[in-house]
Amino acid sequence: MGTVLAVCTSAVKGVQKKNVQAAEFIVNHGIQGDAHADSWHRQVSLLSADKIEAFRARGAEVEYGAFGENLVVQGFDFRALPVGTLLRCGDVLLEMTQIGKECHSHCAIFHQVGDCIMPREGVFARVLEGGTIRTGDTMELVPRTSPRPYQAAVITLSDKGARGEREDLSGPAIVRRLEAAGYEIAETLLLPDGEQPLKTQLIRLCDQRQLDLILTTGGTGFTPRDQTPEVTLSVAERQVPGISEAIRAHSMQITKRAMFSRGVSVIRGKTLIVNLPGSPKAVDESMDAFLDTLPHGLDMLRNSVQDCART
């Protein structure tokens, strides 16, 4: 259980927020009047009060809201909680959606003191139930009454697609299959082939968003720009060769050219990453090989399967 020490907002992004003592939280939007409110996954930002105190102990004079946080709460180490955690504060129900963030253009506090704890210690949430939060209010963890839907991202790798010269048909085909199977699509990305864009996004989606599943399409062939398997392996902590072997074995029954697909399957943290071929037809055929069986593996990554032995 924690206590809200500050409720902070700003009308402009990139500036320090001010403690306004109380604010209205709107479902699937965020805080009324705050610049970061929108229908996205980072509607509300939270910081643990002890992280701010530790920063102050280094000699920095910072007020609540200086790091761009909306809520300062005493009694929680938000950084240690998993994505998907439910937080109740009066009528307001928040769901954590991301831990930390990339800092592309440093905020005002970074330019003042040369550091900012928000990218390391801040967390983000979306508003599931609305209401008012005031300083002094109590915040508590809320147990889930039903399993959280699997969270997935779909990444298409295509130079021509990224330049707008070719319509992406494979990514939407994957999305349709996943949604029909009950998955929530957290993000869809269209990236050029090559190493760095994909590597950056895989690390972000695994470490910050903590998704259950990432499916990539494209970049698994023989051309010099086809680097998806190599990039995927570079971020991997463990490999899951059986999934890609099953995809190739299934596809080989349809076309012998399936032997040329170099896709891999790996785990980073609690996220499963699977490379799929680049064509819509091949994507559908590949997903036929593993989609129905996949929930068991994702449940193991969530630690919700206690015994895998057959009876």
Side-chain angles (χ1 to χ4, degrees), residues 25-30 36-46 78 81-88 92-102 123-130 141-156 168-191 198 201-217 232 240 243 265-276 280 283-284 286-288 290-305:
F25 288 67
I26 302 170
V27 173
N28 198 32
H29 181 71
H36 291 87
D38 204 346
S39 57
W40 64 328
H41 67 285
R42 285 167 47 184
Q43 296 168 6
V44 179
S45 55
L46 303 93
F78 289 119
L81 298 175
V83 165
T85 296
L86 297 177
L87 300 163
R88 168 73 70 183
V92 179
L93 181 63
L94 304 176
E95 180 186 42
M96 278 178 48
T97 56
Q98 181 170 310
I99 295 175
K101 72 181 184 75
E102 299 170 277
V123 304
F124 299 87
R126 59 176 177 167
V127 182
L128 300 184
E129 297 176 11
L141 299 178
V142 179
R144 286 188 173 273
T145 57
S146 59
R148 183 177 181 233
Y150 300 123
Q151 309 289 301
V154 178
I155 303 177
T156 300
D168 175 24
L169 299 177
S170 298
I174 296 173
V175 168
R176 286 192 294 271
R177 290 288 300 270
L178 289 176
E179 288 181 335
Y183 290 73
E184 286 188 0
I185 307 302
E187 292 191 30
T188 59
L189 300 172
L190 177 55
L191 304 177
L198 177 58
Q201 295 303 324
L202 289 178
I203 292 173
R204 178 182 68 84
L205 293 169
C206 293
D207 297 359
Q208 295 178 8
R209 300 218 59 186
Q210 298 184 355
L211 302 180
D212 297 290
L213 176 67
I214 301 172
L215 296 182
T216 71
T217 171
T232 302
V240 193
I243 296 177
S265 305
V266 307
I267 292 169
R268 180 183 175 93
K270 293 189 174 183
T271 303
L272 175 65
I273 308 171
V274 179
N275 299 155
L276 301 180
V283 157
D284 249 343
S286 298
M287 295 183 75
D288 287 341
F290 68 86
L291 189 58
D292 289 346
T293 311
L294 205 55
H296 181 70
L298 300 183
D299 286 343
M300 287 192 287
L301 287 174
R302 285 187 171 187
N303 296 320
S304 58
V305 175

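Along the sequence shown, residues carry numbers from 1.
No salt bridge links K270 with D212; every basic N to acidic carboxylate O contact stays at or beyond 4.0 Å.
For P82, the side-chain contact (heavy atoms from CB on, under 4.5 Å) test picks out T85, Q210, with sequence neighbours left out. When the ring pair (Phe, Tyr, Trp, His ring centres under 6.0 Å) test is applied to F290, no partner is found at least two apart in sequence or on another chain. Evaluation of the side-chain hydrogen bond (donor to acceptor under 3.5 Å, both in side chains) rule for S286 yields no partner, not counting sequence neighbours. For F124, there are no ring pair (Phe, Tyr, Trp, His ring centres under 6.0 Å) partners two or more places apart in sequence or in a different chain. Under the side-chain hydrogen bond (donor to acceptor under 3.5 Å, both in side chains) criterion, T271 pairs with no residue at all, not counting sequence neighbours. Scanning for side-chain contact (heavy atoms from CB on, under 4.5 Å) contacts around A186 gives R209, L211, with sequence neighbours left out. Under the side-chain hydrogen bond (donor to acceptor under 3.5 Å, both in side chains) criterion, E129 pairs with R88, sequence neighbours left out. Contacts of H36 classified as side-chain contact (heavy atoms from CB on, under 4.5 Å), with partners at least two apart in sequence or in another chain: K13, K17, D34. A search for side-chain contact (heavy atoms from CB on, under 4.5 Å) contacts involving D207 returns I203, R268, not counting sequence neighbours. Remark: R177 pairs with D284, D288 by the side-chain hydrogen bond (donor to acceptor under 3.5 Å, both in side chains) rule, at least two apart or across chains.
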Original post:
Under the side chain to side chain contact (heavy atoms under 4.5 Å, CB included) criterion, do R148 and E184 qualify, and how do the steps go?
Top reply: CA-CA 10 Å; R148 183 177 181 233; E184 286 188 0; 6.0 Å; no

Subject >> Evaluation steps, side chain to side chain contact (heavy atoms under 4.5 Å, CB included), between L178 and L215 >> reply: CA-CA 10 Å; L178 289 176; L215 296 182; 4.0 Å; yes

Subject >> Stepwise side chain to side chain contact (heavy atoms under 4.5 Å, CB included) check, I267 with L301 >> reply: CA-CA 9 Å; I267 292 169; L301 287 174; 3.9 Å; yes

**OP:** Let me see the working for L87 and F78 under side chain to side chain contact (heavy atoms under 4.5 Å, CB included), right down to the final yes or no.
**Re:** CA-CA 10 Å; L87 300 163; F78 289 119; 3.8 Å; yes

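You'll find the side chain of L191 stays beyond 4.5 Å of the side chain of T156, heavy atoms only. Residues L141 and L81 meet the side-chain proximity criterion, which asks for heavy atoms closer than 4.5 Å. By the 4.5 Å heavy-atom criterion applied to side chains, Y183 and L298 are counted as neighbours. With contacts defined as side-chain heavy-atom distances shorter than 4.5 Å, the pair Y150/D299 qualifies. Taking 4.5 Å as the limit, every side-chain heavy atom of V274 sits out of range of all side-chain heavy atoms of V266. Residues P143 and L86 fail the side-chain proximity criterion, which asks for heavy atoms closer than 4.5 Å. At a threshold of 4.5 Å between non-hydrogen side-chain atoms, the residues I214 and L272 do not count as touching. Within the 4.5 Å cutoff, the side chain of L202 has heavy atoms near those of the I155 side chain.
In this structure, T217 and G171 approach most closely via the heavy-atom pair CG2-N, 4.1 Å. In this structure, I273 and C206 approach most closely via the heavy-atom pair CD1-SG, 3.8 Å. Pairing each heavy atom of A181 with each of L291, the nearest pair is CB-CD2, 4.3 Å. When all heavy atoms are compared, the tightest approach of V127 to I26 is CB-O, 3.4 Å.
For the side-chain contact (heavy atoms from CB on, under 4.5 Å) with V123, the qualifying choice from L94, V44, L46, T97 is L46, the only one to do so.
Remark: the Q43 side chain and the N28 side chain contain an N/O donor-acceptor pair separated by less than 3.5 Å.
Separation of atoms CG (L205) and CG (L189) is listed at 6.0 Å; rounding is to 0.5 Å. For the atom pair CG (N275) and OG1 (T232), the distance works out to 4.0 Å, reported to the nearest 0.5 Å.
With hydrogens and angles disregarded, a donor-acceptor distance shorter than 3.5 Å links the side chain of Q151 to the backbone of P149. Between the side chain of R42 and the backbone N or O of A37, no donor-acceptor pair lies under 3.5 Å.
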